[in-house]
Amino acid sequence: MSSEEATAQQSQSLVGLLAALESIGPAAQEAIAQAADAKALEDLRIEYLGKKGKLSELNQRMGALDAREKPIAGKALNLNKNAITDLLRQRQESLSARELDARLATEAVDVTLPGIRPQRGALHPIALMTREITSIFRSMGFQVESGPEIETEYMNFDSLNIPREHPARDMQDSLFVDRGYVLRTHTSPTQIRTYLKMKPPFAVITTGKVYRHDSDATHSPMFHQMEGFAVGEDISFGHLKNVLYEFLRALYGKDVKVQFRPSFFPFTEPSAEVDVWSEARGCWLEVLGSGMIHPNVLRNGGIDPEKYSGFAFGLGIDRLAMLKYGISDLRLLFENDLRFLRQF
Ligand code: PHE
């Protein structure tokens, strides 16, 4: 028998099969121990246990053995298969444990580090001013009403005794929305809306945005006004003065210097503008317009001017905030610069 014939015969024999198995075992063990990751392990599983793997190949060779040899070969094959399966699983486990350790190490959180503080919001100076003014008037018994920012021309002008050809309509540089509609140029139309729905006596304030075609360091096309008015029997100019003095003292302190100056508004008669002395600037600053409600205005609001009288006043909230907080440019209030807003 030639050596080739012997090898061929041996490869068909039980001895040959067991010998092959014996070399596969340690090789597999070695390779599995070296496998660096899940992918390498999977490749090894296919190489040894897959359909065309090394063990399946030997399994097929069993067919050539006789009945006495088959169980022996089968048992040996199974032992090897189980051993390799165990090795693969153990390696898999130790690899994932290592991966977990590595992840825990890199993703560790130091719970002793200071946290990131959420930025807290704050009220805008206009909102602060509005609240302060509102609470002063509430404490004097005024109630709060509101009106729309888009007004009819009638409510914004005609009802307030400002006729079509009156120069005040130009004076206010109105922003028209559509035929008959205008962005309200002052909060005074809320007077009429309130007169139409309330029965005197009443004392009301309203605050909100107003619009005029105007823009520089002291004028903004949108700004804020507060309107106050009281209607009843025997309401006099003395009441108006008293309310405004009390208000300005509450806002600027007991020693505030106030001056009433005769003025003109179509919707009040007589009318006065009110100035506050600014120590910082060394001059009087106009802060509000006021007067006794014109009989025509009361009538347009469905109130009998023979029976009732009232006073009204309007002030610029932005102007008061600038005075109070020492803001030099009105536009700062509307630029939403957080460095500015955080100061309040
Ligand atoms: N509406 C006036 C303005 O916008 C202010 C005002 C209100 C004056 C009420 C008198 C009475 O300037």
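Worth knowing before you read on, the calculation uses all heavy atoms, side chains too, and leaves out hydrogens, waters and symmetry mates. Start at 1 and go down the list; that is how both ligands and their atoms are numbered.
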Quick check against the 3.5 Å criterion: does T206 have a side-chain atom that pairs as donor or acceptor with the backbone of E145?
yes
Spell out, as yes or no, whether a donor-acceptor pair under 3.5 Å connects the side chain of T268 to the backbone of S271.
no
List ligand 1 atoms under 4.0 Å from [X], heavy atoms only on the residue side.
X    : result
T268 : 11 (C)
Q225 : 3 (C), 4 (O)
S188 : 1 (N), 7 (C)

Please say whether more than 12 non-hydrogen atoms of neighbouring residues, nucleotides or ligands are located less than 6.0 Å from CZ in R98.
no
Does atom CG of L196 have more than 12 heavy-atom neighbours, drawn from other residues, nucleotides or ligands, at distances under 6.0 Å?
yes
Side-chain heavy atoms nearer than 4.5 Å, only ILVMFWY residues, links allowed to pass through others: does that put F223 and Y211 together?
no
Considering only heavy atoms, which of R212, E227, E273, H186 lies nearest to atom 12 (O) of ligand 1?
R212
Option of least heavy-atom distance to atom 11 (C) of ligand 1 (set: A272, A312, S263):
A312
With a 4.0 Å heavy-atom cut-off (strictly under), which part of S290 contacts ligand 1: side chain, backbone, both or neither?
backbone
One residue to check: F229. Relative to ligand 1, which of side chain, backbone, both or neither has a non-hydrogen atom less than 4.0 Å away?
neither
Which of F265, F137, F260, F229 passes ring pair (Phe, Tyr, Trp, His ring centres under 6.0 Å) with F313? Answer is F137
